[in-house]
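Here's the structure, in structure tokens; my notes come after.
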Amino acid sequence: MSTQTQATSIRTEVTVDVPIERAFQVFVEDFDRVKPREHNMLAVDIAESVFEPRAGGHIYDRGVDGSECRWARVLAYEPPERLVFTWDISPRWQLEADLEKASEVEVRFLAEGTDRTRVELEHRNLDRHLEGWETLREGVAGDQGWPLYLGRFAEALRTNGRKERSR
């Protein structure tokens, strides 16, 4: 896995040993296993994280009490190659009410053979968040940001693969 930080965006990637369709499917359907529970803006513990698989959908956390925190909007949903969603979280790690201040996350799935996929994630337009956006950039680029998510994604694929082979 590698990460690059540029002025107003960060890029990170991971290569996984599964077909492109499987990589895309697990990223979306098992997003609950990808997003850490401690990344929480709810007043209660997270019961699940949900990725609605369509343009116009949302990514949100549902609390153990049924409350929801919708922190992203799905802008593009193009299986198995690409998805784009907003980052509606301010540099103060609170929901951003002004959607003009949202940045974007694009995830590309690139087949490197029949059983190998490179997943490239770019979090761009971070400067739209205005004051404090550099802190946000450092957070999402750091060990507890997108590299952690992609590491958990790769682990979910390894774990799912072991379960499928043992059936």
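Residue numbers run from 1 in the order of the sequence given.
- Of the possible donor and acceptor atoms, one in the side chain of Ser90 sits under 3.5 Å from a partner among the backbone N and O of Arg92.
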Requested in this report: Assess whether side chain to side chain contact (heavy atoms under 4.5 Å, CB included) is satisfied between Phe109 and Leu83, documenting all intermediate values.
Outcome: CA-CA 9 Å; Phe109 299 81; Leu83 50 92; 4.2 Å; yes

Going by atom type alone, with no hydrogens or angles, which donor-acceptor pairs under 3.5 Å involve a side-chain atom of residues 46-59 and a protein atom two or more places apart or on another chain?
{"from": "Glu48", "atom 1": "OE2", "to": "Arg62", "atom 2": "NH1", "distance (Å)": "2.1"}
{"from": "Ser49", "atom 1": "OG", "to": "Asp61", "atom 2": "OD1", "distance (Å)": "2.7"}
{"from": "Glu52", "atom 1": "OE1", "to": "His58", "atom 2": "N", "distance (Å)": "2.7"}
{"from": "His58", "atom 1": "ND1", "to": "Arg70", "atom 2": "NH1", "distance (Å)": "3.1"}

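- Counted by atom type alone, Trp87 and His123 present zero donor-acceptor pairs between their side chains at under 3.5 Å.
- No continuous path of hydrophobic side-chain contacts links Val105 to Tyr60 [ILVMFWY only; heavy atoms under 4.5 Å].
- Taking Glu78 as the reference, Ala76, Arg82 meet the side chain to side chain contact (heavy atoms under 4.5 Å, CB included) condition, with sequence neighbours excluded.
- A donor-acceptor distance shorter than 3.5 angstrom exists from the side chain of Thr117 to the backbone of Val18, with no hydrogens or angles considered.
- Here the shortest heavy-atom pairing between Gly63 and Leu42 reads N-CD1, 3.5 Å.
- Residues Ile10 and Ala141 approach most closely at CG2-CB, 3.7 Å, considering heavy atoms.
- Nearest approach of Ala23 to Leu157, heavy atoms of both residues: CA-CD2, 4.4 Å.
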Below 3.5 Å, can you tabulate the donor-acceptor pairs from side chains in residues 93-101 to any protein atom, sequence neighbours excluded?
{"from": "Glu96", "atom 1": "OE2", "to": "Asp98", "atom 2": "N", "distance (Å)": "3.2"}
{"from": "Asp98", "atom 1": "OD1", "to": "Glu100", "atom 2": "N", "distance (Å)": "3.0"}

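- Annotation: side chain to side chain contact (heavy atoms under 4.5 Å, CB included) contacts of Val34 (sequence neighbours excluded): Phe31, Tyr149, Phe153.
- Taking Ser67 as the reference, Asp65 meet the side-chain hydrogen bond (donor to acceptor under 3.5 Å, both in side chains) condition, with sequence neighbours excluded.
- In the hydrophobic clustering, Leu130 connects to no other residue, as no ILVMFWY side-chain heavy atoms lie under 4.5 Å from its own.
- Not counting sequence neighbours, the partners of Glu21 by the side chain to side chain contact (heavy atoms under 4.5 Å, CB included) test are Pro19, Pro80.
- When all heavy atoms of Thr12 and Pro147 are compared, the pair lying nearest together is OG1-CG, 4.2 Å.
- Between Arg116 and Asp17, the closest heavy-atom pair is NH1-OD1, 2.7 Å.
- Legend: residues meeting salt bridge (charged side-chain N to carboxylate O under 4.0 Å, His left out) with Arg124, ordered by chain and number and at least two apart, are Glu104, Glu106, Glu122.
- Rounded to the nearest 0.5 angstrom, Asp30 CG and Arg152 CZ are separated by 11.5 Å.
- Salt bridge annotation for Arg137-Glu134: absent, with no cationic side-chain nitrogen under 4.0 angstrom from a carboxylate oxygen.
- Ile20 and Val84 are assigned to two separate hydrophobic clusters, defined by single-linkage of ILVMFWY side chains at heavy-atom distances under 4.5 Å.
- Note on residues 140-150: no pairs pass salt bridge (charged side-chain N to carboxylate O under 4.0 Å, His left out), not counting sequence neighbours.
- No donor-acceptor pair closer than 3.5 Å links the side chain of Thr135 to the backbone N or O of Pro91.
- When hydrophobic residues (I, L, V, M, F, W, Y) are linked wherever their side-chain heavy atoms come within less than 4.5 Å, Leu110 remains an isolated member.
- Remark: Asp115 engages no residue in a salt bridge (charged side-chain N to carboxylate O under 4.0 Å, His left out) (not counting sequence neighbours).
- With sequence neighbours excluded, the residues that form a side chain to side chain contact (heavy atoms under 4.5 Å, CB included) with Asp45 are Val64.
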